Amino acid sequence: DKKEAATAAPKAKIELRYMERGDALGDFMRHASRVYEEQNEGITVKNEPSGWGDLTTKVPTFVAAGTKADLAFQHSAWMLPELAKKGAWLDLTPMAEKDKHDFSIYYKWALDTLYQGPKDELVAMPMGVHNGENEIMWNKELIDKIGVGEPRGDMTLAEFEELLTKIQEKMPENGYAFGPSTGLWGMEGHARSFGGAIVSKDRKKTTFSDPKTVDAHKWIANMIQKSKLIPGRDKVLESTKSMFYTGMIAVYSNCGANIWVGFAEATEGKMTLGHCEWPHGGGGKVGSTPSCDATVIYGKTKYPDESWGLAKMLSSEEISKWAALDKSHMTPGAVIKAWHDPEVAAACPLYANIAKFWDTLKPEDYGSIPVPYNSRRGEYWDLYNNTWDALREGDKPLDQAAIDALQKGLQDIMDKPAP
């Protein structure tokens, strides 16, 4: 036996290729790669840092050429649908069942966004998450100086707009009270907060013409065109986010991570961030649009088990917590326990605040990703954003004819077969 052991062939070395995010948000992905190497002798992870654009455009090319990396970052709405429906990624359920992996550690609404395979099977593991671009954040120093009060989650929308009007009256020249997210993703959240929707929950119907959805759009358009609480297209300097960081916008609406990641560096300690959920007092609601960064495993990988191990680690509590505590302060994965961790709360107080709200969500409150089921996201979003841009800014009237035309155009795209 000893002789056999001495002469046995050495274990083959394995190199896993991992196409991850190349910016600061990918720090935890590279950290996890090194931890995985340390814990698995003979396995090397070759990180292939990639920008958001490359992850959107180059991945389909690599899949078509058969040169795709073993694992890749993909976003549940922006990137995952098209290739998932075409069977490019492994169904992870068999490996997870073999490994007896506990999926109850994750937010269910986040996990649900990843069942997008040809038969709606699980094709990705969850990483960073948010539940909509309608969290409210504000510049506490500026709001305190103005002295008319802070936003609160228990406000009605009418009370919130009244507060914004008072803030606007005391804003410096060329300053604005409010900077909401006004692309399709943000407007879907607003529409659902009004009780409507642009994309139905089963993602097969467009409901843009629903009166409540129209009300949400008119609410935003009026604050740009009439009350001037929101900067119009020609008044935005670089971006509304940069205007918020520099004090030209007092109250901002997006997902917490989009402001918190890089906040300290951008504001150089000159701003304290206030935070609450979208105003939903008086029987109102917070419309959710779940989002999930994800890890996929290439369907033709030679190393499915080893790739699964890394994907699982990227979704672990350990790595999720590390991501939030790292200097970039990315969201703590989809792991419920990590969102409630005392160390995470101390380093990222708004994450703890978000987690408290998510604790109140019921399954019937879970939204769906604002992407057509037939995976024609780009085509659908382009038509919506281009048309809505003109209506929002007053280039064209937001009348019934425009509403009906956009409703028809969006539904026509949804009715097409998958590409």
Side-chain angles (χ1 to χ4, degrees), residues 77 109 130-137 151-165 177-227 229-230 240 251-255 276-291 357-358 360-372 380-381 384-385 387-394 397-400 402-407 410-411 414:
W109 51 261
H130 71 74
N131 211 343
E133 291 185 346
N134 54 3
E135 296 170 38
I136 300 295
M137 290 154 276
R152 303 188 317 274
D154 63 358
M155 282 181 162
T156 65
L157 276 180
E159 290 171 337
F160 179 54
E161 187 172 357
E162 182 181 354
L163 174 66
L164 293 175
T165 301
F178 193 31
S181 179
T182 59
L184 187 141
W185 199 297
M187 290 308 302
E188 182 67 276
H190 301 329
R192 293 177 184 180
S193 293
F194 271 70
I198 301 169
V199 177
S200 65
K201 198 161 187 177
D202 65 4
R203 299 164 49 208
K204 296 178 181 179
K205 295 292 182 184
T206 292
T207 50
F208 177 78
S209 60
D210 181 290
K212 294 177 180 178
T213 303
V214 173
D215 284 347
H217 286 74
K218 287 183 176 179
W219 187 70
I220 292 290
N222 285 338
M223 284 197 284
I224 294 174
Q225 298 175 32
K226 295 182 179 179
S227 58
L229 301 177
I230 300 171
T240 54
V251 180
Y252 196 70
S253 171
N254 209 292
C255 79
C276 68
E277 288 301 320
W278 186 259
H280 55 286
K285 63 183 295 186
V286 181
S288 66
T289 47
S291 168
F357 175 75
W358 288 350
T360 71
L361 287 179
K362 300 174 182 178
E364 58 266 28
D365 297 327
Y366 300 163
S368 59
I369 57 173
V371 177
Y380 191 92
W381 284 23
Y384 171 87
N385 284 329
T387 306
W388 166 233
D389 180 81
L391 300 174
R392 183 186 68 234
E393 302 293 328
L398 183 52
D399 56 19
Q400 194 60 47
I403 292 166
D404 292 342
L406 184 52
Q407 167 71 28
L410 293 173
Q411 189 60 51
M414 277 193 165

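Just so we're clear, the structure is a prediction, and the values are computed from it rather than from any experiment.
Using a 4.5 Å heavy-atom threshold, the side chains of Trp381 and Pro370 count as touching. Considering only heavy atoms from C-beta on, Leu163 comes within 4.5 Å of Pro151 through its side chain. Using a 4.5 Å heavy-atom threshold, the side chains of Cys276 and Met155 count as separate. Side-chain atoms of Ile198 and Tyr380, non-hydrogen and from C-beta on, do get closer than 4.5 Å to each other. Contact check for Met414 versus Lys204: no side-chain heavy atoms found under the 4.5 Å cut-off. Side chains of Met187 and Tyr384 form a contact here, defined as non-hydrogen atoms less than 4.5 Å apart. Within the 4.5 Å cutoff, no side-chain heavy atoms of Glu159 are placed close to those of Pro279. Residues Trp278 and Ile136 form a side-chain contact, since some pair of their non-hydrogen atoms from C-beta on lies under 4.5 Å apart.
For Ser181, the side-chain hydrogen bond (donor to acceptor under 3.5 Å, both in side chains) partners are Glu133, not counting sequence neighbours. Taking the side-chain hydrogen bond (donor to acceptor under 3.5 Å, both in side chains) definition, one finds that Ser200 meets it with Asp202, sequence neighbours left out.
Residue Glu393 holds its CD atom at 5.5 Å from CG of Asp389, rounded to the nearest 0.5 Å. Annotation: the span from Asp210 atom CG to Lys205 atom NZ amounts to 14.5 Å, rounded to 0.5 Å. The line from CZ of Phe194 to NZ of Lys212 is 11.5 Å long, rounded to the nearest 0.5 Å. One distance of note links CG of Leu164 with CD1 of Ile230; it measures 8.0 Å at 0.5 Å rounding. Taking CD of Glu161 as the reference point, atom CG of Asn222 lies at 8.0 Å (rounded to 0.5 Å). Atom-to-atom distance recorded for Ser253:OG and Glu135:CD is 8.5 Å, nearest 0.5 angstrom.
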Throw together a table of side-chain donor-acceptor distances under 3.5 angstrom for residues 281-289, partners on residues two or more places apart or in other chains.
from   : atom 1 : to     : atom 2 : distance (Å)
Ser288 : OG     : Asp365 : O      : 3.0
Ser288 : OG     : Gly367 : N      : 2.8
Thr289 : OG1    : Trp185 : NE1    : 2.9

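In this structure a side-chain-to-backbone donor-acceptor pair under 3.5 Å is missing from Trp388 to Leu406. With hydrogens and angles disregarded, no donor-acceptor distance shorter than 3.5 Å links the side chain of Thr213 to the backbone of Gly196. Without hydrogens or angle criteria, Ser193 side chain to Gly189 main chain gives a donor-acceptor distance under 3.5 Å. No donor-acceptor pair closer than 3.5 Å links the side chain of His217 to the backbone N or O of Arg392.
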Going through the distances and angles, do Asp154 and Arg152 end up as a salt bridge (Lys or Arg N to Asp or Glu O under 4.0 Å)? CA-CA 5 Å; Asp154 63 358; Arg152 303 188 317 274; 2.7 Å; yes

Test side-chain contact (heavy atoms from CB on, under 4.5 Å) applied to Asn131 and Leu361, step by step: CA-CA 11 Å; Asn131 211 343; Leu361 287 179; 3.3 Å; yes

Given Arg192 and Ser368, is the side-chain contact (heavy atoms from CB on, under 4.5 Å) satisfied, shown in steps? CA-CA 11 Å; Arg192 293 177 184 180; Ser368 59; 3.5 Å; yes

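More than 12 heavy atoms of other residues, nucleotides or ligands shown are found within 6.0 angstrom of NZ on Lys201.
A pairwise comparison of heavy atoms in Leu184 and Asn385 identifies N-OD1, 3.0 Å as the closest pair. Shortest non-hydrogen contact noted between Gly132 and Cys255 is O-CB, 3.3 Å. Nearest heavy atoms, Trp109 versus Pro290: CE3-CB, 3.6 Å.
Shown are Asn134, Ile220, Asn254, Leu229; of these, the side chain to side chain contact (heavy atoms under 4.5 Å, CB included) with Pro180 is made only by Ile220.
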